[in-house]
Trainee: 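Before I ask anything, let me first share the structure, which is written out below as structure tokens.
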Amino acid sequence: MHRWSKLFIPTLREAPADAEVASHKFLLRAGYIRQLGAGLYNYLFLATRSLNKIMAIVREEMDTIGQEFYLPGLLPKEPWEESGRWGAIGENMFRLKDRRGADLCLGFTHEEIMTGIARGELRSYKQLPQIWYQIQTKFRDEPRPKSGLLRVRQFIMKDSYSFDLDEAGLDRSFNQHDKVYRAIFSRCGLRFVAVEADSGAMGGSQSQEFMVYTDAGEDLIASCPVCSYAANLEKAVSRLGPLEEMAATGDGKPELVHTPGCAAISDVAAFFKISPASDIKCVAYMAERGFRGEGHEKWLPVAVFLRGDHSVNEAKLLGLLSASELRPMQAEELAKYFRGPAGYLGPVGLRPKETANPGSSPLEFAGGGDVIVVVDKSLEGRQNMVCGANQLDYHLRNVAPGRDFSWTLAADIRNVNEGEGCPSPGCAGKLVVGKAVEVGHIFKLGTKYSNSLGLRVLDENGKEVTPIMGSYGIGIERILTAAIEQSNDANGFWLPVSIAPFTVVVTITNVADAALRATGENLARDLEAAGLDVLLDDRDDRAGVKFKDADLVGIPYRINVGKKASAGQVELVTRATSTSVDVVLSEAVALVKKRVQEEILLEESD
RNA sequence: CGGGGCGUAGCGCAGUCUGGUAGCGCAUCUGCUUUGGGAGCAGAGGGUCGUGGGUUCAAAUCCCUCCGCCCCGACCA
């Protein structure tokens with residue numbers, strides 16, 4: 001039996017000053033974790049119990065579709081060179097040398113290693129499909145660790161990898177993961193949503209994230225309250241409402257207008273008495289293609305045009321250009337490519353580069369032209385717009401995209417705004433945007449790794465084929481942090497029974513009273529015999545101290561053994577609702593069991 | 001890496017501007033009282049003031065170096 005008096009549960013009355021988000025504060029205060037360094041935490045007793053329960057659920061569910069492995073965290077360079085990621089990943093990978101000077105890294109993710117195993121062993125289509133997974137420590141040299149366990153440099157991940165013969169097989173593996181992930185997060189008591197996600201510059205056809213809404217999260221999610229549409233803002237699209245075009249002036253051709261001091265969109269809109277939606281905003285970037293090392297292309301000029309009331313989504317732009325990095329153009333570059341200053345940039349008169357291979361990825365650009373001109377789709381077909389004239393203090397009006405200027409690419413590169421129309425066909429809902437934390441991600445990889453590492457099997461015709469892969473991740477600590485973020489108050493937090501370090505704490509209000517003590521001991525033993533995880537608070541402290549601690553540390557149920565015990569009664573407190581009921585001592589075990597059972601059923605039915 | 005902030009007892013902080021005995025609350029230890037919402041009284045322990053250097057009779061305090069941590073921006077579980 002676990003006796004609080006013998007355990008190391010260092011609770012804090014005050015949170016350390018540098019903890020900002022709720023989960024970070026409470027994990028520290030409740031004695032779950034202690035910080036070792038930036039993005040590095042020691043997990044103490046309670047955290048370890050909770051994480052073990054989470055991993056047990058993950059394992060149980062994953063075992064229904066896959067096989068558990070355990071790979072090294074310390075990895076040689078060679079597989080990463082074969083895939084090209086030794087150079088591509090850059091600073092985010094921890095690198096080291098062994099005593100002989102050989103390059104090694106700390107495991108960041110394991111596509112290369114799993115694919116290497118497959119390459120060495122898989123020979124026939126008859127051996128497919130395979131789903132291999134592991135629960136293992138990952139190391140990432142994050143540019144900025146933050147928010148306690150939410151973003152760290154060492155964390156536990158369940159990662160799995162699927163190998164299939166064809167697209168249909170990949171669909172099955174992907175859907176199996178989708179189903180299993182939903183079961184895992186439900187059983188962990190999370191209120192989550194599955195959203196469409198960006199698959200990044202790496203290609204890949206489909207990508208879905210599992211998100212838990214919380215202000216501590218770093219992602220923005222657009223979702224429709226009417227239908228089931230939900231997407232990461234990096235990927236989200238929307239339907240725009242109808243717009244009234246401005247009337248043309250003069251002969252309807254572009255007309256130069258003196259607009260002194262009107263550098264900002266709001267100034268321009270006020271000057272012309274138009275809505276920002278009728279103004280063309282310009283954002284000028286330099287884009288880097290390829291990655292440092294091989295195949296590196298130097299900075300390319302990119303001019304992005306979109307509606308004045310819209311903003312550029314850099315993730316979409318990166319994907320569109322197959323670029324690895326973006327930075328704003330500097331003043332000399334603006335002068336070179338636009339011959340005009342910031343605030344008065346416009347598309348008219350630019351010479352757009354042409355794409356050498358329209359529609360394919362990665363895009364290549366033909367010679368000729370000065371700058372890659374990207375136009376947001378919402379500008380297509382517009383009339384009589386206002387834009388910068390590429391000279392100080394002048395704008396153009398009566399500008400029609402397509403008639404008065406052309407472009408290299410027209411695509412969706414803007415951020416969705418809250419209130420815009422849901423993109424689902426026939427849906428009239430208006431999108432809402434909320435912050436969320438990512439707890440899982442499932443991803444169709446395609447043949448990137450099987451190709452680069454040379455994984456082939458023979459199909460039924462004896463022909464060599466390249467298996468198609470998926471990769472799938474769950475952040476174990478993030479399940480715990482997300483659970484805390486979604487269930488806390490001023491006094492502490494409460495975890496779902498499934499992942500709480502203990503299910504019930506038996507609080508003996510006064511251990512100096514031998515009768516109370518005996519009652520508490522017996523009750524705790526009976527609860528344990530009934531299969532519950534019990535913590536007996538037998539500390540020689542005042543009742544108030546023990547109540548405060550119990551409220552703090554995330555245990556969902558508490559039984560007070562106190563003044564009514566002599567009358568054969570104890571008190572069952574439900575932390576989530578802060579409500580208590582008196583219960584006859586002899587019925588206490590059954591009641592707790594019933595509550596726990598109900599909660600588990602509720603979570604599993606989500 | 002760019003920008004902002006911080007580093008003084010286990011935790012939260014004051015002291016730094018204006019150099020001169022290192023302090024407060026909580027926690028800890030001992031004793032007595034108390035015992036259903038972070039007890040009271042009495043006593044005690046605990047500090048290379050992040051590091052290194054400089055200025056000075058004298059540095060937590062002024063100057064420089066380095067290190068660490070937190071927050072805001074580009075990455076991801």
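Side-chain atoms are counted along with the backbone in the values below, which use heavy atoms only and exclude waters and symmetry mates. Each chain gets a letter, A, B and so on, in the order its sequence line appears, and its residues count up from 1.
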Trainee: Nearest-Å distance, CD1 (A:Ile474) to P (B:C76)?
Mentor: 19 Å
Trainee: Hunt down the Watson-Crick or G-U wobble partner of B:C62, both distances under 3.5 Å, from any strand shown, or write none.
Mentor: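 With both distances under 3.5 Å, B:C62 matches B:G54.
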Trainee: For the pair made of CZ in A:Arg34 and C1' in B:C69, what is the distance, rounded to whole Å?
Mentor: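 Result: 16 Å.
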Trainee: Does A:Phe155 stack onto the base of B:A77, taking stacking as ring centres under 5.5 Å apart and planes under 30° apart?
Mentor: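 Whether judged by distance or by angle, A:Phe155 passes, so it stacks on the base of B:A77.
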Trainee: Is there a donor and acceptor pair closer than 3.5 Å between the side chain of A:Asn92 and the base of B:C76?
Mentor: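 In this structure, the two groups form no donor-acceptor pair.
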Trainee: For the pair made of NZ in A:Lys548 and P in B:A27, what is the distance, rounded to whole Å?
Mentor: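 Result: 14 Å.
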Trainee: Pick base, sugar-phosphate or nothing for A:Asp513, based on heavy-atom distances below 4.0 Å to the nucleic acid.
Mentor: nothing
Trainee: Considering only atom C1', compute the distance from B:C11 to B:G54 and round it to an integer number of Å.
Mentor: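 Pairwise C1' distance, B:C11 against B:G54, rounds to 34 Å.
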Trainee: Would you measure the distance from the P atom in B:C70 across to the matching atom in B:U55 and give it in whole Å?
Mentor: 35 Å
Trainee: May I ask you to verify if any side-chain N or O of A:Arg144 is less than 4.0 angstrom from the OP1 or OP2 atom of B:C72?
Mentor: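 The answer is yes; a side-chain N or O of A:Arg144 sits under 4.0 Å from OP1 or OP2.
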Trainee: By the 4.0 Å heavy-atom rule, please label A:Ala15 as base, sugar-phosphate, or nothing.
Mentor: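 Sugar-phosphate only.
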Trainee: On a whole-Å scale, what distance lies between the C1' atoms belonging to B:A60 and B:G7?
Mentor: 11 Å
Trainee: Is A:Val152 touching bases, backbone alone, or none of the nucleic acid, heavy atoms closer than 4.0 Å?
Mentor: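 Base, at least one base atom sits under 4.0 Å.
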Trainee: How far does the P atom of B:C66 sit from the matching atom of B:G2, given to the nearest Å?
Mentor: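 The answer is 12 Å between these two P atoms.
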Trainee: Return the 5'-most residue of the pair A:Gln35, A:Glu209 with respect to RNA chain B, ranking by each residue's nearest nucleotide.
Mentor: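 Its nearest nucleotide lies further toward 5', so the answer is A:Gln35.
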Trainee: Is A:Ile559 close to A:Val592 at the side-chain level, that is, under 4.5 Å between some pair of heavy atoms?
Mentor: yes
Trainee: Contact class for A:Arg29 vs. all strands (heavy atom < 4.0 Å): base, sugar-phosphate, or nothing?
Mentor: base
Trainee: Taking the minimum atom-to-atom distance to the side chain of A:Thr11, which one of B:C75, B:A77, B:G38 wins?
Mentor: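 For A:Thr11, the side-chain atoms sit closest to B:G38.
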Trainee: Does A:Arg542 place a side-chain N or O at less than 4.0 Å from the phosphate oxygens OP1/OP2 of B:A39?
Mentor: yes
Trainee: Classify the nucleic acid contact of A:Arg539 as base, sugar-phosphate or nothing, counting any heavy atom under 4.0 Å across all strands shown.
Mentor: nothing
Trainee: Phosphate oxygens OP1/OP2 of B:C72: is one of them under 4.0 Å from a side-chain N or O of A:Lys146?
Mentor: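 Affirmative; the distance criterion is met.
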Trainee: At under 4.0 Å between heavy atoms, what does A:Ser471 touch on the DNA or RNA strands: base, sugar-phosphate, or nothing?
Mentor: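 The residue A:Ser471 makes no contact with any strand.
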Trainee: B:G37, B:C70, B:G25: which one has an atom nearest the side-chain heavy atoms of A:Glu14?
Mentor: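 From the listed options, B:G25 comes nearest.
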Trainee: Tell me which nucleotide among B:G12, B:C71, B:C70 gets nearest to the side chain of A:Ser147.
Mentor: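 It is B:C71.
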Trainee: Any strand counts, and the cut-off is 3.5 Å on both contacts for Watson-Crick or G-U wobble. Which nucleotide pairs with B:A44?
Mentor: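 Pair assignment: B:A44 / B:U28.
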Trainee: Output the rounded distance in Å from NZ (A:Lys435) to P (B:C76).
Mentor: 19 Å
Trainee: Are A:Val439 and A:Ile474 packed together at the side-chain level, in the sense that at least one heavy-atom pair is separated by less than 4.5 angstrom?
Mentor: no
Trainee: For B:U65 versus B:G3, give the span between their P atoms, rounded off to a whole number of Å.
Mentor: 14 Å
Trainee: Could you tell me whether the side chain of A:Asp551 has a donor or acceptor atom within less than 3.5 Å of a complementary atom in the base of B:G37?
Mentor: yes
Trainee: Of the nucleotides B:A77, B:G36, B:A74, which one has an atom closest to the side chain of A:Glu571?
Mentor: B:G36
Trainee: Pick the nucleotide of RNA chain B nearest each of A:Gly473 and A:Ala565; which residue has the one closer to the 5' end?
Mentor: A:Ala565
Trainee: Does A:Asp219 reach a base, just sugar-phosphate, or nothing at all? Heavy atoms under 4.0 Å.
Mentor: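 Base contact - A:Asp219 has a heavy atom under 4.0 Å of at least one base atom.
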Trainee: Should B:U18 form a Watson-Crick or G-U wobble pair with both distances under 3.5 Å, which nucleotide is its partner?
Mentor: none
Trainee: So if I take every side-chain heavy atom of A:Tyr41 and compare against B:A77, B:C75, B:C70, which nucleotide ends up nearest?
Mentor: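 When the side chain of A:Tyr41 is considered, B:C70 is the closest of B:A77, B:C75, B:C70.
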Trainee: Can you tell me how far P in B:A58 sits from the matching atom in B:U21, rounded to whole Å?
Mentor: 15 Å
Trainee: For A:Pro328, report the nucleic acid contact type (base, sugar-phosphate, nothing); a contact means any heavy atom under 4.0 Å.
Mentor: nothing
Trainee: Can you check the A:Lys564 NZ to B:G36 P distance for me, whole Å?
Mentor: 12 Å
Trainee: Whole angstroms only, please: what is the NE2-P distance between A:His24 and B:C71?
Mentor: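 Interatomic distance, NE2 of A:His24 to P of B:C71: 8 Å.
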Trainee: Going by heavy atoms in the side chains, are A:Leu106 and A:Thr137 under 4.5 Å from each other?
Mentor: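 A:Leu106 vs A:Thr137: side chains apart.
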Trainee: Quick one: label A:Gly562 by what it contacts on the DNA or RNA (base, sugar-phosphate, nothing), any heavy atom closer than 4.0 Å.
Mentor: base
Trainee: Would the base of B:C75 count as contacting A:Arg151 through its side chain, where contact means a donor and an acceptor less than 3.5 Å apart?
Mentor: yes
Trainee: Taking only residues at least two apart or on different chains, which pairs with a member in residues 9-22 of chain A satisfy side-chain hydrogen bond (donor to acceptor under 3.5 Å, both in side chains)?
Mentor: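 side-chain hydrogen bond (donor to acceptor under 3.5 Å, both in side chains) check on residues 9-22 of chain A returns A:Thr11-A:Asp549.
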Trainee: Taking the side chain as every heavy atom from C-beta outward, state whether A:Phe493 and A:Glu485 have any atom pair closer than 4.5 Å.
Mentor: no
Trainee: Just checking A:Lys77: does its NZ atom have more than 12 heavy atoms from other residues, nucleotides or ligands closer to it than 6.0 angstrom?
Mentor: yes
Trainee: I'd like to know if A:Asp541 reaches the base of B:G38 with its side chain such that a donor and an acceptor end up less than 3.5 angstrom apart.
Mentor: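 Check fails, no donor-acceptor contact within cut-off.
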Trainee: Find the partner of B:A9: check Watson-Crick (N1-N3 plus N6-O4 or O6-N4) and G-U wobble (N1-O2, O6-N3) distances, both under 3.5 Å, and reply none if neither fits.
Mentor: none
Trainee: Are A:Leu7 and A:His2 close enough that some pair of their side-chain heavy atoms sits under 4.5 Å apart?
Mentor: yes
Trainee: Counting any heavy atom closer than 4.0 Å, what does A:Val439 reach on the DNA or RNA strands: base, sugar-phosphate only, or nothing?
Mentor: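 Here A:Val439 touches the backbone only, sparing every base.
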Trainee: Are A:Lys138 and A:Gln136 close enough that some pair of their side-chain heavy atoms sits under 4.5 Å apart?
Mentor: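 Side-chain contact under 4.5 Å: yes.
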Trainee: Tell me whether the OP1 or OP2 atom of B:C26 has a side-chain N or O from A:Arg13 closer than 4.0 Å.
Mentor: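 No.
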Trainee: Between B:G43 and B:U35, how far apart are the C1' atoms? Round to whole Å, please.
Mentor: 23 Å
Trainee: Heavy atoms under 4.0 Å, any strand shown: does A:Pro16 hit a base, just sugar-phosphate, or nothing?
Mentor: sugar-phosphate
Trainee: For residues A:Leu44 and A:Leu46, determine if any side-chain heavy atom of one lies less than 4.5 Å from a side-chain heavy atom of the other.
Mentor: no
Trainee: Considering only side-chain heavy atoms of A:Asn510, which listed nucleotide, B:G38, B:U35, B:G12, is closest?
Mentor: B:U35
Trainee: In the structure shown, which nucleotide is the Watson-Crick or G-U wobble counterpart of B:C75, with both distances under 3.5 Å?
Mentor: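 Pairing partner, where one exists within any strand: none, as none qualifies.
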Trainee: To the nearest angstrom, how far is A:Asp18 atom CG from B:C13 atom C1'?
Mentor: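 After rounding, the gap between these two atoms is 14 Å.
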Trainee: Looking only at atom C1', what distance separates B:A14 and B:U61, rounded to whole Å?
Mentor: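 Roughly 14 Å separates the two C1' atoms.
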Trainee: Please state how far atom CG in A:Leu326 lies from atom P in B:A74, giving the value in whole angstrom units.
Mentor: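 Whole-Å distance recorded here is 11 Å.
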Trainee: Using Watson-Crick or G-U wobble geometry with both distances under 3.5 Å, which nucleotide pairs with B:G36?
Mentor: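 Check on B:G36: unpaired, no WC or wobble geometry under 3.5 Å.
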Trainee: Does the side chain of A:His177 come within less than 4.5 Å of A:Ile65's, by heavy atoms?
Mentor: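 Heavy-atom side-chain distance check passes, below 4.5 Å.
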